[in-house]
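Written below as structure tokens is the structure these notes are about.
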There are 2 protein chains.
Amino acid sequence: MSSVFKALSDPTRRRVLELLRDGPQSAGDLAAKFDVSKPTMSAHFGVLREANLVISEKQGKSVIYHLQLSVLEDALLGFAQIFGLGAPDAADQKPSKNQSVES
Amino acid sequence: MSSVFKALSDPTRRRVLELLRDGPQSAGDLAAKFDVSKPTMSAHFGVLREANLVISEKQGKSVIYHLQLSVLEDALLGFAQIFGLGAPDAADQKPSKNQSVES
DNA sequence: GGTTTATTTAGCCAAATGACGAATTATACC
DNA sequence: GGTATAATTCGTCATTTGGCTAAATAAACC
């Protein structure tokens, strides 16, 4: 769980996740979209993999990365819920925090 | 914005935010709840302050820290929304991602 | 003014992080 | 088998991070 937030703390890695939102991509295709070396990107992928934010699947000589949305969801919304945040949708005015979150 | 995720990447700092959820607290009172030295805690407070996740108010010889919930909300839910996450409350079954987030 | 109390700053250290180029591994292609 | 391509591992480096103790600052109290 801490590994997820650690992974999210780097802008390059957050960007990778955003790119993966549009569908699985190979390590090379992803790396091509960044200004850093491939070994560096590989290290970033490793951090994301270890946090289970992505899974990798070897296909031919490529490695395809898939986003694991559920892990991101659990971390982000799980943590948000601790603070009574989340679900800014009821009607369309924020009902603020009168939902008796504490007590 | 990146500073917020950076701040959230440390478990001690996340814990500080959780404690602050129950109301403002002095630096000393907060520090007493952790196993690290006060200077170390002061550095953590500095990171949280710089990310605007907390604000500090000097009161007598103490410094009172307040949680800035809105900043946490913007970062967490804002980022979650990029992925079509958020609001797991409609009725009570997750309607999953049929909300046509992309296309 | 001097002392205690609360917090931060200064200076240091070890470990982790993000970056690189070079070398390695693994697969495909001829 | 040999070569090209894709990705990772290795070794190195500079910077950042999180921790500490000691010193400095700030406010209250006698």
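Letters A, B, ... mirror the listed sequences (proteins, then strands); counts begin at 1.
B:Leu77 has its side chain out of reach of B:Leu85: every pair of non-hydrogen atoms, C-beta onward, lies at least 4.5 Å apart.
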Apply side chain to side chain contact (heavy atoms under 4.5 Å, CB included) to B:Glu57 and B:Val63, showing your working.
CA-CA 6 Å; B:Glu57 173 207 358; B:Val63 172; over 6 Å; no

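With a heavy-atom cut-off of 4.0 Å to chain B, the contacted part of DNA chain C has its first and last nucleotide at C:dT5 to C:dT9. Protein chain B contacts DNA chain D over a range whose 5' and 3' limits, counting nucleotides with an atom under 4.0 angstrom from a non-hydrogen atom, are D:dT17 to D:dA28.
For the pair B:Ala43 and A:Gly60, both in contact range of DNA chain C, the more 5′-proximal nearest nucleotide belongs to B:Ala43. Map B:Lys6 and A:Asp29 each onto its nearest nucleotide of DNA chain D; the residue landing nearer the 5' end is A:Asp29. The 5' end of DNA chain C is approached more closely, in terms of each residue's nearest nucleotide, by A:Ser9 than by the other of A:Ser9 and A:Lys61.
Donor-acceptor pairing under 3.5 Å is lacking for the side chains of B:Arg14 and B:Ser9.
Taking the centre of each ring, A:Phe5 and B:Phe5 stay at or above the 6.0 Å mark.
Within a heavy-atom distance below 4.0 Å of DNA chain C, no residue of residues 46-54 of chain A is found.
B:Arg13 contributes a side-chain N or O that, together with a main-chain N or O of B:Ala7, makes up a donor-acceptor pair within less than 3.5 Å.
A side-chain contact (heavy atoms from CB on, under 4.5 Å) with B:Leu20 is found for exactly one of B:Leu30, B:Leu48, B:Leu69, namely B:Leu30.
Within the 4.0 angstrom heavy-atom criterion, only backbone atoms of the sugar-phosphate kind lie near A:Tyr65; the bases stay farther away. Using a 4.0 Å heavy-atom criterion, one finds that B:Ser62 contacts the sugar-phosphate atoms exclusively.
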